[in-house]
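The structure displayed is predicted, hence computed values, not measured ones. So you know, we letter chains A, B, ... as the sequences are listed, proteins then strands, and number each from 1. FYI, side chains are in, hydrogens and waters are out, and symmetry mates aren't considered; it's all heavy atoms of this structure.
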Amino acid sequence: MPELPEVETVRRSLAPHIVGRRVMAVSAAPVKLRLGIEPGEWRSLAGVASLRGLHRRGKYILADFGASTAVLHLGMSGRLVLRPHAAACEKHTHLRLRFEHGIELRLVDPRRFGMAVVVATAVLPAFAPLAGLGADALDGDVEGALLAAARRSRSPIRALLLDQRVVAGVGNIYASEALARAGVHPLRQAAAISSERVARLAGAVKAVLADALAAGGTTLADGGFSDASGNEGYFAVKLDVYGRKGHPCRACGSPIRRQVAGGRSVFYCARCQR
DNA sequence: ACTCGCCTGTCG
DNA sequence: CGACAGGCGAGT
């Protein structure tokens, strides 16, 4: 479900409710996500740890509990919600952190592609999923990262945008959207694109993410995404290509194409994107 | 660079 | 029933 704008929207909406609060009780199911949830390490947060800060790197949310840091990733279908601790749990709730004021942070993830692990803060920099991340798509040097990667890669440009080791935070929606805004064909070999166009693409990545963030993220027709207060994002109405197969390109009117590459859908305008 | 596997849910 | 879904990583 979530790419950088959705993750950042969730982070921002959660923070004022739980940062500075102590964890009173933890309920963790030993369910296998991308990595298994270890109930013991989650329970170690109860009674002692207060949440010092909530941060984001790429699509990961980092909850700073001092000596420990919780690393959360929402995968395709993960959601973080706040509920009164007495409220009924919806299906696929794998983790519950009850804070001192009775509010519970819950991780719900039907497909279980997410991640929820507790890492000693001292070794966080060496934690593999984070250590491998490239430039943050919102605050990092996307232009430098893309230029460097494009020079030594034989991949299509879209593969680089989706590679979290190059740029962290871009997923299938915003890769399609950034390429559309920059007028670059998704399957164009990265090394064959001029530096000027790569730079323009880097600008488009930042711009589309900023626009989506300002809109509170993208909530598709299935209604999967909403922030901690239940608000849906309204960027879906501003998508230029993603999910618009057969609809007219907003710039030239020719039909948006859908193609499968790398096992995933790619949307683009064959006329505007070269 | 592709394919598949990991899971459940929804839609046509 | 098959196709598909906003992610990622292990294989080949």
Side-chain angles (χ1 to χ4, degrees), chain A residues 1-10 29-37 56-61 71-80 90-94 107-117 127-134 137 149-150 152-179 186-192 205 208-209 212-213 215-227 232-246 258-267:
Chain A
M1 164 177 71
E3 302 180 33
L4 189 152
E6 292 74 39
V7 174
E8 179 64 13
T9 296
V10 169
V31 59
K32 187 170 168 80
L33 305 185
R34 206 167 93 213
L35 299 175
I37 288 184
R56 180 195 56 76
R57 284 175 55 187
K59 300 175 194 173
Y60 289 85
I61 287 179
V71 179
L72 302 165
H73 191 288
L74 301 177
M76 288 280 268
S77 59
R79 282 176 299 130
L80 288 168
E90 65 188 291
K91 203 175 173 183
H92 306 300
T93 300
H94 308 307
L107 173 67
V108 184
D109 185 2
R111 291 181 72 181
R112 307 207 293 275
F113 292 165
M115 184 190 294
V117 298
F127 182 58
L130 298 177
L133 293 180
R152 55 187 140 69
S153 166
R154 274 174 295 130
S155 309
I157 185 65
R158 174 187 125 93
L160 295 189
L161 286 177
L162 291 177
D163 187 341
Q164 304 298 299
R165 296 168 302 183
V166 177
V167 178
V170 176
N172 210 24
I173 292 180
Y174 300 112
S176 281
E177 294 300 307
L179 287 160
L187 303 183
R188 178 122 197 169
Q189 191 183 329
V205 168
V208 74
L209 293 178
L213 186 53
T218 298
T219 300
L220 265 13
D222 60 18
F225 168 72
S226 56
D227 74 8
E232 298 193 337
Y234 55 89
F235 194 70
V237 298
K238 301 188 182 174
L239 294 173
D240 288 330
V241 289
Y242 184 86
R244 298 191 64 243
K245 178 189 175 185
R258 172 184 177 271
Q259 187 174 336
V260 175
R264 314 187 63 191
S265 294
V266 194
F267 297 91

Protein-nucleotides 9-12 of chain B N/O pairs under 3.5 Å:
residue	atom	partner	partner atom	Å
B:dG9	OP1	A:Lys91	NZ	3.2
B:dG9	OP1	A:His92	NE2	2.7

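Within the 3.5 Å criterion, the main-chain N or O of A:Gly169 finds a donor-acceptor partner in the side chain of A:Gln164. The backbone N or O of A:Asp109 sits nowhere less than 3.5 Å from a side-chain atom of A:Ser77 that would complete a donor-acceptor pair. Checked by atom type and distance alone, the side chain of A:Arg56 pairs as donor or acceptor with a backbone atom of A:Gly58 at under 3.5 Å. A donor-acceptor pair is defined here as one N or O able to donate and one able to accept, closer than 3.5 Å; no such pair exists between the side chain of A:Glu8 and the backbone of A:Pro5.
Chain A approaches DNA chain C within less than 4.0 angstrom (heavy atoms of the protein), and the contacting nucleotides run 5' to 3' from C:dC4 to C:dG9.
In this structure, A:Tyr242 reaches the sugar-phosphate backbone alone: every heavy-atom distance under 4.0 Å involves primed, P, OP1 or OP2 atoms, never a base. Using a 4.0 Å heavy-atom distance criterion, A:Lys32 is classed as making no nucleic acid contact. Within 4.0 Å (heavy atoms only), A:Gly262 reaches at least one base atom of the nucleic acid. As judged by a 4.0 angstrom heavy-atom cut-off over every strand, A:Arg258 is placed among residues touching the sugar-phosphate backbone only. Within the 4.0 angstrom heavy-atom criterion, base atoms lie near A:Leu220. A:Gln164 comes within 4.0 angstrom of the backbone, heavy atoms only, and of no base. Residue-level contact check: A:Ser265 touches the backbone only, with heavy atoms under 4.0 Å from sugar-phosphate atoms and none from bases.
Pairing analysis of DNA chain B (Watson-Crick: purine N1 to pyrimidine N3 plus N6-O4 or O6-N4; G-U wobble: N1-O2 and O6-N3; both under 3.5 Å) yields stems of 3 or more pairs at B:1-6 with C:7-12, B:8-12 with C:1-5.
Rounded to whole Å, atom P of B:dT8 lies 16 Å from atom CD of A:Glu90.
Residue order along DNA chain B, read from the 5' end via each residue's closest nucleotide, puts A:Ala261 first among A:Ala261 and A:Phe113.
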